Each structure stands twice: as structure tokens, then as C-alpha cells.
Amino acid sequence: MASSLNKPELIVNGKRTDGRDFDEIRPLKIVASPLKNADGSAYIEWGNNKILAAVYGPREATPRHLSDPSKAIIKCRYTMAPFSSLSEHNRTGPNRRSIEISKVIKEVFENVVMLTDFPGSQIDIFIEVLQGDGGTRAAGITAASVALASAGIHMRDLPYAVSVGRIGEHLAMDFNMIEDNYSDSDIPMAIAPRNNEILLLQMDGDMSREQMSKAMEMVIKAGEQVSTAQKDALREAYANKAGAKQ
């Protein structure tokens with residue numbers, strides 16, 4: 001979050017600056033299997049975010065000495081394209097933020113992919129942010145989940161991610177970049193919806209116990225919409241694939 005100096009108004013006449021209600025997420029569109037050269041892929045537009053996720057594998061682990069004969073290993077690379085936002089302009093290669101996000105996304109999927117079904121193999125997840133406007137890690141996880149499913153990777157659930165935060169006394173869903181930079185707290189969460197298991201929870205800022213409880217309720221409710229979009233994308237991709245074979 002940015003300094004409070006010159007902090008813009010985030011709530012005007014009881015509404016957020018983009019007109020959304022506090023419990024409303026940005027427009028969401030997911031397309032499964034847009035890339036022909038990946039084993040699984042997904043494209044997501046979430047607000048002004050535009051993100052591609054691609055999955056390769058299971059395949060032989062490289063280098064071989066890192067392989068695990070009892071299960072698969074997951075490698076993840078999250079990157080923001082140099083043109084994805086003003087802050088990323090002219091940057092190339094991984095930075096501290098992208099390395100940290102890659103690590104937490106890897107850990108999310110290590111908890112849902114049935115790794116023992118693919119002993120000795122490697123599953124690669126690539127997430128490329130083409131355009132970023134806040135909440136890119138949540139959108140990236142949501143897209144990567146669809147990409148893994150489209151690759152036929154065995155998972156015990158289809159996780160999604162969404163952020164929630166606090167603006168003054170108000171809790172709000174799915175921050176855009178300005179809200180992300182100037183809010184009082186921001187919490188990206190990844191959830192396995194079958195049992196509402198928390199796979200990722202990171203907090204920047206602070207909340208009371210009561211606010212945290214309410215924030216969880218908001219995430220679960222908003223997650224129903226995200227999960228539906230994920231499943232609809234996969235159904236459409238499978239229907240298109242079946243139609244092409246006929």
C-alpha cells in the first residue's frame with residue numbers, strides 16, 4: 001500500500017470510485033484452452049486485468065536429480081509483461097515480487113494437485129500478466145486452476161482466489177490498483193470451495209477479529225461467482241472440443 005500522503009478519495013457518496021458496491025467484484029471473463037501449444041491453458045479478464053496461464057506436464061522432471069520418485073513436483077513462474085502497467089514499464093526478468101508470488105502460487109497448487117498420481121514427473125505453471133490493475137495474484141491463481149483442469153491434471157478441488165480489504169470502516173471485495181495502493185488493508189485469499197479450505201491468506205495492513213470474520217464471509221460468497229465462471233469456461237472448452245471431433 002502506498003503512503004497516505006495525497007491519498008485519493010476511495011469512497012464517494014457511499015460508493016467506490018468505479019461505482020461498485022462493497023461486496024461486488026469486477027466483471028469476470030474466463031476462457032479455457034486458448035493456447036494450442038500448451039497441455040492446458042486459460043485466459044482471464046478480471047476488471048482491467050488480462051492474464052494468460054499455461055500448464056505443461058506431467059513430464060519428465062529436469063534436472064533429474066530434483067525429481068521425486070514418489071510424487072510430481074510443481075514449478076511455477078508468475079511474471080508481469082514490461083507493458084502490463086506503468087510500474088512495470090521497461091522491466092524485464094523476474095523481480096522480488098514476482099518470485100514471491102510464484103512461490104505462494106506453487107504452494108497453493110501443491111495442496112490440491114494429486115501429486116502422487118504422477119511420480120517422478122514435473123508440472124510447470126506459467127502465469128503471464130499482460131495487463132495489470134490490482135489483484136493479479138488472485139486472478140492468476142484462478143486462471144491457473146482452470147489451466148490445470150484443462151490439462152487433465154488430477155486435483156481434489158478447483159480452487160479460486162479473490163481479494164478482500166478494508167477502506168476505513170468499510171470492507172470491500174476485489175480491489176483495483178488505486179484501492180490496492182491506498183486501502184487500509186488488503187487480503188488475497190485462495191479457497192478450495194468444496195470445504196472452503198483456505199489455501200492462501202496474505203495480509204497487508206490490519207483488521208479486527210470481527211472484520212476478519214466478515215471478510216471471510218464476503219470471500220466465500222463472491223467465490224461462488226468465480227467458481228461458476230471457472231466451471232462454465234471448462235464446460236464450454238470441452239463442448240467445443242467434442243464438437244470439433246464430430
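Excluded from the calculations below are hydrogen atoms, water molecules and symmetry mates; all remaining heavy atoms, backbone and side chain alike, are included. Residue numbers start at 1 and run along the sequence shown. Every value quoted in this text rests on a predicted model; they were computed, and no experiment measured them.
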Item to check | Worked verdict on Val226 versus Glu224 for side chain to side chain contact (heavy atoms under 4.5 Å, CB included) | outcome: CA-CA 5 Å; Val226 181; Glu224 295 174 3; over 6 Å; no
Checklist entry - Are Met173 and Val162 close enough, and set up right, to give a side chain to side chain contact (heavy atoms under 4.5 Å, CB included), and what steps lead you there? => result CA-CA 8 Å; Met173 292 300 307; Val162 64; 3.6 Å; yes
Checklist entry - Checking side chain to side chain contact (heavy atoms under 4.5 Å, CB included) for the pair Asp206/Ser185: CA distance, chi angles, key distance, verdict? => result CA-CA 6 Å; Asp206 62 88; Ser185 68; 5.7 Å; no
Item to check | Worked verdict on Thr79 versus Val129 for side chain to side chain contact (heavy atoms under 4.5 Å, CB included) | outcome: CA-CA 6 Å; Thr79 53; Val129 180; over 6 Å; no
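Between Ser150 and Ser33 the shortest heavy-atom distance is CB-OG, 3.4 Å. The two residues Asn49 and Gly134 have their closest heavy-atom pair at ND2-O, 2.7 Å. Gly132 and Met80 get closest at one heavy-atom pair: CA-CE, 4.4 Å. The shortest heavy-atom contact between Asp184 and Gly168 is OD2-N, 2.5 Å. Of all the heavy atoms in Asp180 and Phe175, the pair that sits closest is N-CB, 3.8 Å. Nearest heavy-atom pair across Leu171 and Met207 is CD2-CE, 3.7 Å.
Both Ile187 and Ile191 sit in one connected hydrophobic cluster of ILVMFWY residues. Membership requires side-chain heavy atoms under 4.5 Å apart, directly or through other members. Grouping the Ile, Leu, Val, Met, Phe, Trp and Tyr side chains by contacts below 4.5 angstrom, directly or via other members, places Val104 apart from Ile99. Taken together through direct or relayed side-chain contacts under 4.5 Å among Ile, Leu, Val, Met, Phe, Trp and Tyr, Val108 and Ile73 form parts of separate hydrophobic clusters.
Between Trp46 and the choices Thr136, Asp174, Thr142, Asp133, the side-chain hydrogen bond (donor to acceptor under 3.5 Å, both in side chains) rule is met once, by Asp174.
In this structure, Ile167 CD1 and Arg16 CZ are separated by 5.5 Å, a value rounded to the nearest 0.5 Å. Distance CD1/Ile74 to CD1/Ile105: 11.5 Å, rounded to 0.5 Å. Here Met218 contributes atom CE and Glu24 contributes atom CD; the two are 11.0 Å apart, rounded to the nearest 0.5 Å. Atom NZ of residue Lys50 and atom CG of residue Leu130 lie 8.5 Å apart, to the nearest 0.5 angstrom. Atoms CD1 and OG1, on Ile178 and Thr17 in that order, are 7.5 Å from each other to the nearest 0.5 Å. Distance check, rounded to the nearest 0.5 Å: CD1 of Ile51 to CD of Glu128 gives 10.0 Å.
Defined by atom type and a distance below 3.5 Å, a donor-acceptor pair is present between the side-chain atoms of Glu45 and Tyr43. Remark: the Asp186 side chain and the Ser183 side chain contain no N/O donor-acceptor pair separated by less than 3.5 Å. Counted by atom type alone, Gln202 and Glu100 present one or more donor-acceptor pairs between their side chains at under 3.5 Å. Ser84 and Gln131 share no side-chain donor-acceptor pair at under 3.5 Å.
In this structure, the side chain of Arg156 does not engage the main chain of Ala192 through any donor-acceptor pair within 3.5 Å. With Gln122 contributing its side chain and Thr62 its backbone, the two residues share a donor-acceptor pair below 3.5 Å. A donor-acceptor pair under 3.5 Å is absent between the side-chain atoms of Asp157 and the main chain of Pro159, judged by distance alone. Distance alone, capped at 3.5 Å, places no donor-acceptor pair between the Ser41 side chain and the Ala38 backbone. Here the side chain of Asp68 pairs a donor or acceptor atom with the backbone of Ser70 at under 3.5 angstrom. Between the side chain of Ser213 and the main chain of Glu210, no donor-acceptor pair closer than 3.5 Å is present. Using modelled atom types, one side-chain atom of Ser102 and one backbone atom of Tyr78 make a donor-acceptor pair closer than 3.5 Å.
Using a 4.5 Å cut-off on side-chain heavy atoms (C-beta onward), Ile153 and Ile123 make contact. Inter-residue side-chain proximity for Phe109 and Ile141 is flagged as met; some heavy-atom pair is nearer than 4.5 Å. Gln225 has its side chain within reach of Ile25: a pair of non-hydrogen atoms, C-beta onward, lies under 4.5 Å apart. You'll find the side chain of Ser145 stays beyond 4.5 Å of the side chain of Tyr160, heavy atoms only. The closest side-chain heavy-atom distance from Lys15 to Asp21 is below 4.5 Å. Residues Met114 and Met155 form no side-chain contact, since every pair of their non-hydrogen atoms from C-beta on lies 4.5 Å or further apart. The shortest side-chain heavy-atom distance between Leu234 and Leu158 falls under the 4.5 Å cut-off. In this structure the side chain of Arg77 never reaches within 4.5 angstrom of the side chain of Ile127, judged on heavy atoms.
Using a cut-off of 4.0 Å between Lys/Arg side-chain N and Asp/Glu carboxylate O, Glu179 and Arg20 are scored as salt-bridged. Salt-bridge check for Glu110 with Lys106: passed, with a basic side-chain N closer than 4.0 Å to an acidic carboxylate O. The residues Asp18 and Arg26 are annotated as not salt-bridged, no charged nitrogen and carboxylate oxygen being separated by less than 4.0 angstrom. A salt bridge links Glu107 with Lys103: at least one charged nitrogen is closer than 4.0 Å to a carboxylate oxygen. For Asp124 and Arg59, the salt-bridge test passes: some basic side-chain N is under 4.0 Å from an acidic carboxylate O.
The environment of Lys231 atom NZ is sparse: at most 12 non-hydrogen atoms of other residues, nucleotides or ligands sit within 6.0 angstrom.
Ring geometry, Phe126 versus Tyr56: the interplanar angle exceeds 60°, so the pair is classed perpendicular (tilted spans 30 to 60°).
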